[in-house]
Structure formats: C-alpha cells, structure tokens
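What follows is a single structure, written as structure tokens, with notes after it.
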Amino acid sequence: MADYYDLLGVSRDADADTLKRAYRRLARQYHPDINKDPGAEDRFKEIGRAYEVLSDPQTKARYDQFGEAGLGGAAGMPDMGDMGGFADLFETFFSGFGGAAGGAGARPRRRGPQQGDDLRYDLTIDFNQAVFGQEREIRIPHLETCTTCNGSGAKSGSGPTTCSTCGGVGQVRRATRTPFGNFTQVAECPTCGGSGQVIADPCSACGGQGVIQVRKKLRINIPAGVDTGTRLRVAGEGNAGLRGGPSGDLYVFLTVKSHPSLRRDGLTVLSDVKVSYLQAILGDTIEVETVDGPTSLEIPVGTQPNAVLTLENKGIPKLGNPVARGNQRVTVSVQLPTRLNEEERTLLEQLAGHHSARGVQHHHHNSGLFARLFGQG
Ligand SMILES: [Zn+2]
Ligand SMILES: [Zn+2]
C-alpha cells in the first residue's frame with residue numbers, strides 16, 4: 001500500500017485545506033464515472049481512504065506515528081472509498097430542494113449556497129372577500145437567516161470546518177450483507193447532516209443552524225376574483241437559504257367559504273328566488289341578494305317556473321382584470337298555494353270558468369275579480 005501522503009501528492013505538513021484540494025482534484029481525476037482506465041477505480045478508492053485518514057486529526061496522528069498498522073480496527077469508520085467527488089460532480093445539476101432532504105433516500109446535497117424551501121400557507125376567506133379582494137394580515141412560521149452569525153452558524157471569529165466523517169462529501173457508504181449479496185448503501189453523513197461541514201463552535205443564537213424559526217407578520221394582498229384553489233406567490237417569504245443561498249417563496253393556497261345563498265360558476269354568480277304564482281303571472285319587482293348587496297330584480301309578466309333571469313354585471317370580477325365582471329343568473333321557482341281560503345277558491349273557480357253551486361249566483365266584473373284575487377298576493 002502506497003504512502004497516503006504520496007497518494008495525495010502532498011507533504012507531511014500539509015494543512016487541511018491543501019489536503020482537501022488535493023483530494024478533490026484527484027477524486028475527480030480518478031472517479032470511475034469519468035476515468036475508464038483500468039485501475040482508476042482502485043486508485044480512486046485508495047485516494048478516498050488516504051483522505052479519510054488524513055483529514056481526521058486523530059487518525060492522522062495515529063497514521064503519522066504507526067503507519068497503516070495504527071489504523072487497524074478503526075471500527076465505525078464509514079466506507080466511503082468510492083464516493084469522493086460524487087457531490088462535486090453533481091453539484092452543478094442539483095438545484096437543492098432543501099425540504100426534501102433528510103429522508104431515507106441518498107441524494108447529494110450542496111455544500112455551497114442552498115436555496116431556502118418554498119412554504120405553503122392555507123388561508124380560508126369569505127365568499128365576498130374572494131369576489132372583491134382584500135388585504136389580509138397573516139402570521140407565518142418560517143426560517144430567517146440568523147442575524148447573530150449572519151447565517152454561518154459559527155460563533156463570531158470561528159468558521160465551519162470540513163466534516164471528518166465524510167471528508168466534506170456529505171454522504172457515507174455502508175456495506176450491507178444480505179443473503180442475496182453485498183449491497184452498498186449511500187446515506188447522508190450522520191455527523192454533518194449532509195452539509196460536508198461541521199461547526200466546532202456553534203452560534204448560540206441559532207445553535208449552529210444559521211437560521212432561526214420566526215413567526216413573521218405579513219400583509220398579503222388578495223386580488224378580486226380569486227377562488228378556491230387560487231395560489232398566491234409571495235416572493236422571498238419562504239425559508240431563508242443556507243450559506244448565503246436565496247430564500248424560498250411562500251405560496252398562499254386559498255379556500256373560499258361557501259355563501260348561504262350565492263354560488264359561483266366561473267365569473268357567474270348563481271342564485272335562486274321564490275315568487276308566488278301571482279307574482280309570476282302578473283309580474284313584480286322584488287329584492288334579491290347579490291354580492292353588491294340587496295338589488296331590485298324585475299319579474300316580468302308571465303314568468304315561467306325555473307326561468308332564469310339575468311342581473312348584468314353582478315357577477316365575479318375577472319382575476320387580473322376586475323373591471324370585467326360576470327353576471328348573476330337568478331333561477332325563479334314559482335310557489336303554488338297548497339291550500340285556499342273560501343274567497344280565493346271562489347275567485348279561482350270563477351277564473352277557471354267553473355260555476356259551482358254557490359259561485360254561480362255571483363256576477364262580477366272581471367276587473368273586480370282580479371282586484372280581489374290578486375290583492376291578496
Ligand atoms: Zn446564528
Ligand atoms: Zn459529514
């Protein structure tokens with residue numbers, strides 16, 4: 001086995017940064033995905049092993065004193081020989097969905113700036129607030145950059161250092177023996193949580209996280225014409241980014257409460273109204289509910305059951321163009337009486353041309369008949 005310092009091409013007194021740079025350069029050079037030369041993979045593993053040992057002050061000290069023999073039985077050391085450089089290679093392509101990290105899956109995490117998570121906030125608003133829009137104050141819990149350490153997570157004067165468990169890669173590989181063979185499992189580094197860096201002297205304000213959970217008061221402007229399912233984006237009000245990365249966005253998902261008597265169909269407001277059979281036959285002007293408040297609606301003479309009457313411009317404003325409004329469509333149901341008093345019966349029978357024993361004696365002008373009949377309605 002070659003000397004670890006020779007493998008990495010560094011002197012015995014090289015500092016941590018020099019070691020790391022040398023390791024990363026060589027890891028890229030010999031990475032099996034890139035270098036197809038025979039022996040490249042073995043070389044890659046040796047480099048990884050060398051860096052693993054030399055980047056940890058304790059194992060480095062043992063190696064310096066006793067050579068390879070000093071490392072025997074270093075139990076618990078992760079097998080990361082063939083993974084160095086992996087994160088680097090993918091960094092460019094990986095956009096860093098911070099919220100997805102931490103699961104069982106093995107995904108490379110960026111060690112550089114990382115964009116903060118987008119957040120979802122569910123907001124329920126009243127029917128009329130959705131129609132006309134409203135400014136609302138909400139309180140959202142989100143992460144903000146720690147002002148004490150400016151997001152570094154380290155106490156002032158100190159800084160993050162390369163994680164010695166994973167050598168700054170953020171991942172470890174473990175061999176698992178099963179009846180079907182040996183599998184290598186890639187997992188997030190347990191020491192640094194995948195960031196590749198550890199903070200020896202953490203900021204006391206944020207516990208080394210670089211971000212703090214804050215309940216922030218926000219005024220959001222709900223535009224006229226929104227509906228259930230409308231998603232409002234509030235730029236930059238998601239979680240703060242890590243290591244100088246940009247903040248995520250806040251998405252407000254709206255749910256609109258139903259109205260006791262009005263319904264929505266796109267830009268159209270739908271409602272029902274009941275009129276008496278006399279109002280339907282003779283016509284009338286009645287008051288109906290609209291999103292603008294009570295409004296007069298003319299019931300034309302001879303309105304049929306289930307006729308649909310239109311109130312122009314009483315519908316929903318178009319989202320983004322509130323000057324354009326839909327209409328309200330009112331479905332008229334005609335109520336027939338279930339019982340008649342004596343007088344009504346008499347009048348209706350006369351109207352029907354049916355002369356009962358009593359009714360036949362009366363002679364009325366038609367005008368008088370209508371006046372008495374409909375005077376009740
Ligand atoms: Zn802090
Ligand atoms: Zn680590």
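As the structure lists them, so they are numbered: ligands from 1, and atoms in each ligand from 1. Only this structure's heavy atoms are used, side chains among them; waters, hydrogens and symmetry mates stay out.
When ring centroids are compared, Phe44 and Tyr30 stay outside the 6.0 Å threshold. Aromatic pair Tyr251/Tyr121: centroids not less than 6.0 angstrom apart.
Around the Zn ion (ligand 2), protein N, O or S atoms at less than 2.8 Å number 4.
Remark: side-chain polar atoms of Asp284 are not paired, donor with acceptor, to backbone N or O of Ile299 under 3.5 angstrom.
At a cut-off of 3.5 Å, with distance as the only test, no side-chain donor of Ser152 or Asn150 sits close to an acceptor on the other residue. For the 3.5 Å distance criterion, the side chains of Ser333 and Lys274 fail to qualify, holding no donor opposite an acceptor.
Protein atoms that are N, O or S and lie under 2.8 Å from the Zn ion (ligand 1) are these: Cys146 SG, Cys149 SG, Cys203 SG, Cys206 SG.
Residue Ser296 comes nearest to Thr285 through the heavy atom pair CB-CG2, 4.1 Å, listed as atom of the first residue, atom of the second, then distance.
Checking Asn313, Thr268, Asp292 one by one against Arg325, the side chain to side chain donor-acceptor pair (under 3.5 Å) holds for a single residue, Asp292.
Crowding of Lys36 atom NZ: a count of heavy atoms from other residues, nucleotides or ligands under 6.0 Å exceeding 12.
Put simply, the side chain of His259 reaches to within 4.5 Å of the side chain of Ser261, judged on heavy atoms.
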